[in-house]
Amino acid sequence: MTLYKTAHGWRYHFLKNGQRHTGSGFFLKKDAAKAEAVRRKEKKRTSTGTDFRSVANEYLDIAARKFAEKTYKQKVFVIKSFIRHTGNIPIEQITASHLHSYLDTRPSNNNYNAHRKDLCTVFTYAKRVKKAIRYNPCWDLDKMPHTPEEKYIPPEEDILKLILAADPESVF
């Protein structure tokens, strides 16, 4: 508790979760002390920012600048779907069983793996940057086996036909 007198009356300030909280203009020292106590209680009641939605939104702020728009929209979709499935619970209470329950709703193994990867990045952000969790629960989930579709590579004759159709005067 830091109380001090200024030219305009008594003032308080304190740090909570890296943020400075101040109040000023109190005529009496005891009024400033009471106001500070009320403010501290207020800050205790409010969320500390470690619920999944808060951490995910901070991650998405960074992702918006880091990734292409299509990738960013996919990440937003995955996070919204996960919150709809589990609710907005504190991130440190999310376990591998919560993730597995959500990922089991995915229609294919490829989709399962894509959603697992996007959720894993949020938890990695929470662990490395926010220091909100000690262990990433996605690490307990294995990737599902899937067979990627082979890309179609047209044969040489089809490519030549396409070039001729586009520019009939071209000579090879």
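Sequential numbering from 1 along the given sequence is applied to the chain's residues.
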Given the rule in the side-chain contact (heavy atoms from CB on, under 4.5 Å) test, do Ile91 and Asp51 qualify, once you have shown the distances and angles that lead to the verdict? CA-CA 5 Å; Ile91 196 163; Asp51 59 315; over 6 Å; no
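- Between Phe82 and Tyr102, a ring centre-to-centre spacing shorter than 6.0 Å is recorded.
- A donor atom on one side chain and an acceptor atom on the other are found under 3.5 Å apart for Tyr59 and Thr121.
- With contacts defined as side-chain heavy-atom distances shorter than 4.5 Å, the pair Asp118/Phe77 does not qualify.
- Summarising the geometry of Gln74 relative to His115, their closest heavy-atom pair is NE2-NE2, 3.8 Å, with the distance given to 0.1 Å.
- Residue Leu99 comes nearest to Cys138 through the heavy atom pair CD1-SG, 3.6 Å, listed as atom of the first residue, atom of the second, then distance.
- With contacts defined as side-chain heavy-atom distances shorter than 4.5 Å, the pair Phe52/Ile83 qualifies.
- With hydrogens and angles left out, the side-chain atoms of Ser101 and His85 include a donor and acceptor closer than 3.5 Å.
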Could you walk me through whether Tyr4 and His13 pass side-chain contact (heavy atoms from CB on, under 4.5 Å), step by step? CA-CA 9 Å; Tyr4 55 92; His13 81 269; 3.3 Å; yes
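- Under a cutoff of 6.0 Å and an axis angle of 45°, Arg20 and Phe14 do not form a cation-pi pair.
- By the 4.5 Å heavy-atom criterion applied to side chains, Lys130 and Glu58 are counted as neighbours.
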Where do Tyr125 and Val55 land on the side-chain contact (heavy atoms from CB on, under 4.5 Å) test, with the steps shown first? CA-CA 8 Å; Tyr125 171 80; Val55 174; 4.0 Å; yes
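- Residues Ile133 and Phe123 approach most closely at CD1-O, 3.5 Å, considering heavy atoms.
- The two residues Arg53 and Asn88 come nearest to each other via the heavy atoms N-OD1, 2.8 Å.
- Proximity of Tyr135 to Thr95: side-chain heavy atoms (C-beta onward) are nowhere separated by under 4.5 Å.
- The minimum heavy-atom distance between Arg11 and Ser24, with the atom names listed, is NH1-CB, 3.3 Å.
- By the 4.5 Å heavy-atom criterion applied to side chains, Leu141 and Trp139 are not counted as neighbours.
- With 3.5 Å as the limit, one finds no donor-acceptor pair spanning the side chains of Tyr112 and Asp104.
- Pairing each heavy atom of Glu36 with each of Thr2, the nearest pair is OE2-N, 3.9 Å.
- Between the side chain of Asn113 and the backbone N or O of Met144, at least one donor-acceptor pair lies under 3.5 Å.
- Side chain of Asn109 to backbone of Pro145: a donor-acceptor contact under 3.5 angstrom is found.
- In this structure, Leu60 and Ile79 have side chains that are in contact, with non-hydrogen atoms separated by less than 4.5 Å.
- Within 6.0 Å of the CG atom in Leu28, the count of heavy atoms belonging to other residues, nucleotides or ligands exceeds 12.
- The closest side-chain heavy-atom distance from His98 to Ile89 is below 4.5 Å.
- Using a 3.5 Å distance cut-off with no hydrogens or angles, the side chains of Asn57 and Ser54 do not pair a donor with an acceptor.
- The CG atom of Leu162 lies 13.5 Å from the CD atom of Glu157; values are rounded to the nearest 0.5 Å.
- Around atom NZ of Lys34, no more than 12 heavy atoms belonging to other residues, nucleotides or ligands sit under 6.0 Å away.
- Donor-acceptor pairing under 3.5 Å is lacking for the side chains of Ser97 and His100.
- Tyr12 and His21 share no side-chain donor-acceptor pair at under 3.5 Å.
- Looking at Ile94 and Thr86, their side chains never come closer than 4.5 Å, going by heavy atoms from C-beta outward.
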